[in-house]
Amino acid sequence: MLFRATRGNCYVRCEDVDTPMVDPKTGVSEHKLVFIVFYKSENVGSKIQKICEAFSANTYDVPDMDHVDDITALMEDNFSELNDARVVLKHNHNMRYTMCNRLAQHLEEWTWIILKEKSTYHTLNMFKDDVRGCLRGEGWVVASQYDEAVAVANQAGSPFGSASVAVQEVYGVQSSPPTYFKTNKFTDAYQEFVNTYGVPRYREINPALFTAVTFPFLFGIMYGDIGHGLCLFLAGCFLLVRESAHEGQKLGELMAGLHAGRYMIFMMGAFAIYAGLIYNDCFSLGLDLFGSKWEWSDDPEEGEEAQLIDDCKIGDADCVYPFGTDPAWHVAENELEFFNSLKMKLSVILGVIQMTFGIVLRTMNAVHNKEWIDVNLECIPMFIFDLSFFGYMCILIFMKWGINWDQRMLEASCVCDPDLTNCFAGGDPSRGTCDPETDTAADLCTKDFGGEGDGCQPPNIIATLIGIVLSPGTVDEPMYGGQGAVQTVLIVMMFLSVPVLLLGKPLMLRHKHQSTVLLGREGSDSGTCRAGSQSRGGS
């Protein structure tokens, strides 16, 4: 740019400065570049000066190079100014360090004083100025700590006279009191967990008490594994052992959260171990703790069925694995199908129980607060919707578990002699003969429940639930008589409860609001008429 502006009538040389220098204008340490420009005329010099100013460059006049004495004097002056500036900067640095040391000794004390002053004035700003020249504040106090609050207030006002502070209990307040829960080290984490979803109202049932048991238990059902649960359990034990060391310390965000939930982690690990023992899972491997009741041959082939040991039969109490699941299921061909069915049904049953228990708590709170609209238009329809579908599903699961399907299927089978000469229904000659090629399970079953198997074949619970909605009144594999009619009534009740849940309470509140507005208008109109009649009578 200098070359073009001066049309080549200048000579420039540049050199980088290795050591960073402090810019005198900004005070920031930067890498500098030193340059020198030789030019001929004043016109060219003015152009060069403007360009240097545009790029915020610091310029210095250099005397004529022929005058060596002038150049030497200028350099000595510069060195002298640099030394003086270095001394001043060092002195300022020492003074600043000394002052910071003195201030640091009182910094924490001053900080607490300022915080106390700010909190005091912030509290005073919430008071109201009374006509008697005093400040009046209103608030809530925990009933068990009322005497302590009065004592503290009197102690605060004692230096200013006995009548400077007075605490008076107020009755008939319309607003609802705030919620206060007294927690300890164990329940604090569960209370915070519940508060993330919503804080219960005053005198409502606190679900944190039940969450302290149900949440770790349901976690164990989901996470059930002895090995993984043991890792979590040991982590909880470590946090409990280090509890006193972590108390009062400034921890990181992650460690502070783990410390706050140490009892929760401990219980989650314990329940995961318990559920893992029920599933007999240790890092997804089965443990033969009590001896399996099934055995294979010494050289089993693919597809070979396991046999019960010691002449056991299915259903014998002595042939049941003492605790948890038999480890033979972990190597069975239908392992995934068996465990998925077991875990899914357990999860569904426990989930429905917890959901129903939540509705019970909701109903108890509404009854306690005398909120009859909520009881009639929310709680009761919730019960109907919940029990008519999900509760009925749990009943079907228990019924399927409790029925002896081997006996029912034998009853609906055509059993023949080894030589296939005689075939009897259910293997019972008293029921007469049968034809295995033509007689179906529905023909041989004596239950007469309807459907394809007439009640003698185990149903698929999921297919049954789907059929309740898609084909009401029809059951492919019923488990009891009249099942289709019962399911039709339940599905009708479930569908009727939905509009009540969605529209019942809003419409009722709207009706009450309109009634209140209408009564207010009638009252104002009648009041106007009475005032008019009185004025005429007075004249």
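Rounding to the nearest 0.5 Å places CE of Met493 at 13.0 Å from OG1 of Thr488. How far NZ of Lys345 is from SG of Cys394: 11.5 Å, rounded to the nearest 0.5 Å. Interatomic distance, CG of Leu218 versus CD1 of Ile353, reported as 10.0 Å (0.5 Å rounding). Ile349 contributes atom CD1, which lies 10.0 Å from atom CE of Met344 (distance to the nearest 0.5 angstrom). Between Ile373 atom CD1 and Cys379 atom SG the span is 12.0 Å, to the nearest 0.5 Å. Between His330 atom NE2 and Leu336 atom CG the span is 12.0 Å, to the nearest 0.5 Å.
Outside the 6.0 Å centre-distance limit, the rings of Phe339 and Tyr279 are not counted as a close aromatic pair.
Gln354 is linked by a side-chain hydrogen bond (donor to acceptor under 3.5 Å, both in side chains) to nothing, counting only residues two or more places apart in sequence or in another chain. Considering only residues two or more places apart in sequence or on other chains, Val241 meets the side-chain contact (heavy atoms from CB on, under 4.5 Å) condition with none of them. In this structure His511 satisfies the side-chain contact (heavy atoms from CB on, under 4.5 Å) test together with Ser515, sequence neighbours excluded. In terms of the ring pair (Phe, Tyr, Trp, His ring centres under 6.0 Å) criterion, Tyr97 has no residue partners (sequence neighbours excluded). By the ring pair (Phe, Tyr, Trp, His ring centres under 6.0 Å) test, Trp329 is found to be paired with Phe338, residues two or more places apart in sequence or in another chain being considered. Residues passing the ring pair (Phe, Tyr, Trp, His ring centres under 6.0 Å) test with Phe283, sequence neighbours excluded: His228.
Within 6.0 Å of atom CD in Glu15, 12 or fewer heavy atoms from other residues, nucleotides or ligands are found, so the atom counts as exposed in its surroundings. For Met99, the CE atom sits in a loose shell: 12 or fewer heavy atoms of surrounding residues, nucleotides or ligands are nearer than 6.0 Å. Applying the 6.0 Å contact sphere to CE of Met508 captures no more than 12 heavy atoms from other residues, nucleotides or ligands. Enclosure of atom CD in Gln145 by more than 12 non-hydrogen atoms of other residues, nucleotides or ligands within 6.0 angstrom is indicated. No more than 12 heavy-atom neighbours from other residues, nucleotides or ligands sit within 6.0 angstrom of CD on Gln155. Heavy atoms from other residues, nucleotides or ligands lying under 6.0 Å from CE of Met255 number more than 12.
With hydrogens and angles ignored, the 3.5 Å screen pairs a side-chain donor or acceptor of Thr325 with a backbone N or O of Ile278. Although no hydrogens or angles enter the test, the distance criterion places no donor-acceptor pair under 3.5 Å between the side chain of Asn334 and the main chain of Glu337. A donor-acceptor pair is defined here as one N or O able to donate and one able to accept, closer than 3.5 Å; such a pair exists between the side chain of Asn125 and the backbone of Tyr121. Side-chain atoms of Asp281 do not come within 3.5 Å of backbone N or O of Ser284 as any donor-acceptor pair. A donor-acceptor contact shorter than 3.5 Å links the side chain of Tyr321 to the backbone of Phe290.
Of the N and O atoms on the side chains of Arg86 and Asn83, at least one donor lies less than 3.5 Å from an acceptor on the other residue. Using modelled atom types and a 3.5 Å distance limit, the side chains of Gln191 and Asn206 yield a donor-acceptor pair. Between the side chains of Thr98 and Asn101, not a single donor N or O lies within less than 3.5 Å of an accepting N or O.
Between Pro381 and Leu501, the closest heavy-atom pair is CB-CG, 3.7 Å. Minimum heavy-atom separation, Ile205 to Pro200: O-CB, 4.3 Å. Nearest heavy-atom pair, Ser347 versus Ile221, reported as atom, atom and distance to 0.1 Å: OG-CG2, 4.0 Å. Smallest separation of non-hydrogen atoms from Lys400 and Pro459: NZ-O, 2.7 Å. Closest approach of Trp294 to Ile309, counting heavy atoms only: C-CG2, 4.2 Å. Across all non-hydrogen atoms, the minimal contact from Ser292 to Asp326 is OG-OD1, 2.7 Å.
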Pairs under 3.5 angstrom only: tabulate donor-acceptor contacts from the side chains of residues 102-119 to other protein residues two or more places apart or in another chain.
from, atom 1, to, atom 2, distance (Å)
Thr111, OG1, Leu107, O, 2.7
Ser119, OG, Leu115, O, 3.1
Ser119, OG, Lys116, O, 2.8

Return a table of donor-acceptor pairs under 3.5 angstrom between the side chains of residues 461-472 and protein atoms on other chains or two or more places apart.
from, atom 1, to, atom 2, distance (Å)
Thr464, OG1, Asn460, O, 2.9
Ser471, OG, Gly467, O, 3.2

Taking only distance into account, with no hydrogens and no angle test, what donor-acceptor pairs under 3.5 Å do side-chain atoms of residues 263-277 form with protein atoms, sequence neighbours excluded?
from, atom 1, to, atom 2, distance (Å)
Tyr263, OH, Glu243, OE1, 3.1

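Under the 30°/60° scheme for interplanar angles, the aromatic rings of His259 and His246 are found to stand perpendicular.
Test Tyr197, Phe193, Tyr190, Tyr223 against Phe215 for ring pair (Phe, Tyr, Trp, His ring centres under 6.0 Å) and you get one pass: Phe193. The only option from Val360, Val367, Asn365 that meets the side chain to side chain contact (heavy atoms under 4.5 Å, CB included) definition with Thr363 turns out to be Val367.
Look at Lys32 and Asp18 and you find no salt bridge, because none of the NZ, NE, NH1 or NH2 atoms lies under 4.0 Å from a carboxylate O.
Considering only heavy atoms from C-beta on, Asp188 stays 4.5 Å or farther from Asn184 through its side chain.
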Residues His31, Val17; criterion side-chain contact (heavy atoms from CB on, under 4.5 Å); working and verdict: CA-CA 7 Å; His31 285 278; Val17 180; over 6 Å; no
Report the C-alpha distance between Leu289 and Phe323 in whole Å, list the side-chain angles of each, state the deciding distance to 0.1 Å, and finish with yes or no for side-chain contact (heavy atoms from CB on, under 4.5 Å). CA-CA 9 Å; Leu289 300 177; Phe323 186 82; over 6 Å; no
Does the pair Asp386 and Met355 meet the rule for a side-chain contact (heavy atoms from CB on, under 4.5 Å), with working shown? CA-CA 8 Å; Asp386 175 43; Met355 183 168 57; 3.2 Å; yes
side-chain contact (heavy atoms from CB on, under 4.5 Å) assessment of Ser144 paired with Tyr180: CA-CA 11 Å; Ser144 60; Tyr180 170 77; 5.8 Å; no
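A salt bridge (charged side-chain N to carboxylate O under 4.0 Å, His left out) check over residues 202-212, counting only residues at least two apart or in different chains, returns the pairs Arg201-Glu204. Listed by first and then second residue, the salt bridge (charged side-chain N to carboxylate O under 4.0 Å, His left out) pairs that reach into residues 487-513 are Asp374-Lys505, Glu378-Lys505, sequence neighbours excluded. Every pair passing ring-ring contact (aromatic ring centres under 6.0 Å, His included) that includes a residue from residues 352-383 is listed here, sequence neighbours excluded: Phe210-Phe357.
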